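One structure is given below, represented as structure tokens, and several questions about it will come after.
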Amino acid sequence: MQVSVNSESHDVAPGTSLQALLDAMEINCEALVVQRNDDIVARQDFAATELADGDVLELVRFVGGG
């Protein structure tokens with residue numbers, strides 16, 4: 001199945017969780033916000049959130065500065 005991550009298409013196996021995808025992409029989840037199909041996914045729900053064909057994910061990382 002196909003999901004979009006920041007406008008890039010990715011093949012994922014059926015039953016893949018959001019956390020598994022992030023782990024496979026080697027993305028550190030600290031200071032990360034994930035929007036799935038226009039809804040924010042709570043960090044504690046990443047492992048329980050099963051991806052579906054056609055999902056659109058936007059990953060946003062907070063960056064501090066001064």
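Any value given below was found using the heavy atoms of this structure, including those in side chains, with hydrogens, waters and symmetry copies removed. This one's a predicted model, so the numbers in the text were calculated from it and none came from an experiment.
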On a heavy-atom basis, which atom in Thr16 and which in Ala13 lie closest, and how many Å separate them?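 For Thr16 and Ala13, the tightest heavy-atom pair comes out as OG1-O, 2.6 Å.
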Would a hydrophobic clustering, with Ile, Leu, Val, Met, Phe, Trp and Tyr connected at side-chain separations under 4.5 Å, put Met1 with Val56?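 Per the 4.5 Å side-chain linkage, Met1 and Val56 are not co-clustered.
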Side-chain heavy atoms of Arg36 within contact of Glu58, under 4.5 Å: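 Arg36 does not reach Glu58 side chain to side chain.
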Which pair of non-hydrogen atoms, one from Ala47 and one from Ser17, has the smallest distance, and what is that distance?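 Closest approach of Ala47 to Ser17: O-CB, 3.3 Å.
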Decide whether Val60 and Met25 are clustered together by the hydrophobic rule: side chain heavy atoms of Ile, Leu, Val, Met, Phe, Trp, Tyr closer than 4.5 Å, transitively.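 Not linked; separate clusters.
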Short question: side chain of Arg43, backbone of Cys29 - any donor-acceptor pair under 3.5 Å?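 A pair under 3.5 Å: yes.
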With sequence neighbours excluded, tell me which residues meet side-chain hydrogen bond (donor to acceptor under 3.5 Å, both in side chains) with Asp23.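 Testing Asp23 for side-chain hydrogen bond (donor to acceptor under 3.5 Å, both in side chains), a comparison that skips the adjacent residues, returns Gln19.
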Distance from Asn6 atom CG to Gln35 atom CD, nearest 0.5 Å?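 Answer rounded to 0.5 Å: 10.0 Å.
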What distance separates Ile27 CD1 from Leu59 CG, expressed to the nearest 0.5 Å?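 CG of Leu59 is found 5.0 Å from CD1 of Ile27.
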Count the heavy atoms belonging to other residues, nucleotides or ligands that lie under 6.0 Å from CD of Gln44, then report whether that count exceeds 12.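 Yes - once you tally the heavy atoms of other residues, nucleotides and ligands closer than 6.0 Å, there are more than 12.
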Could you point out which residue of Thr49, Asp55, Leu57 forms a side-chain contact (heavy atoms from CB on, under 4.5 Å) with Leu21?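 Looking at Thr49, Asp55, Leu57, the match for Leu21 under the side-chain contact (heavy atoms from CB on, under 4.5 Å) is Leu57.
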Ignoring hydrogens, what is the shortest heavy-atom contact between Phe46 and Val41? Give both atom names and the distance.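 Scanning both residues, the minimum pair turns out to be CE1-O, 3.4 Å.
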For Ser7, enumerate each residue passing the side-chain hydrogen bond (donor to acceptor under 3.5 Å, both in side chains) test, keeping only those at least two apart in sequence or located in another chain.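 Scan of Ser7 (side-chain hydrogen bond (donor to acceptor under 3.5 Å, both in side chains), adjacent residues dropped) gives none.
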Mind checking whether Val33 and Ile40 have side chains closer than 4.5 Å, heavy atoms only?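 Yes, at least one pair of side-chain atoms sits under 4.5 Å.
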Show the nearest heavy-atom pair for residues Asn28 and Arg61, with the distance to one decimal.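 Minimum heavy-atom separation between Asn28 and Arg61: O-NH2, 2.8 Å.
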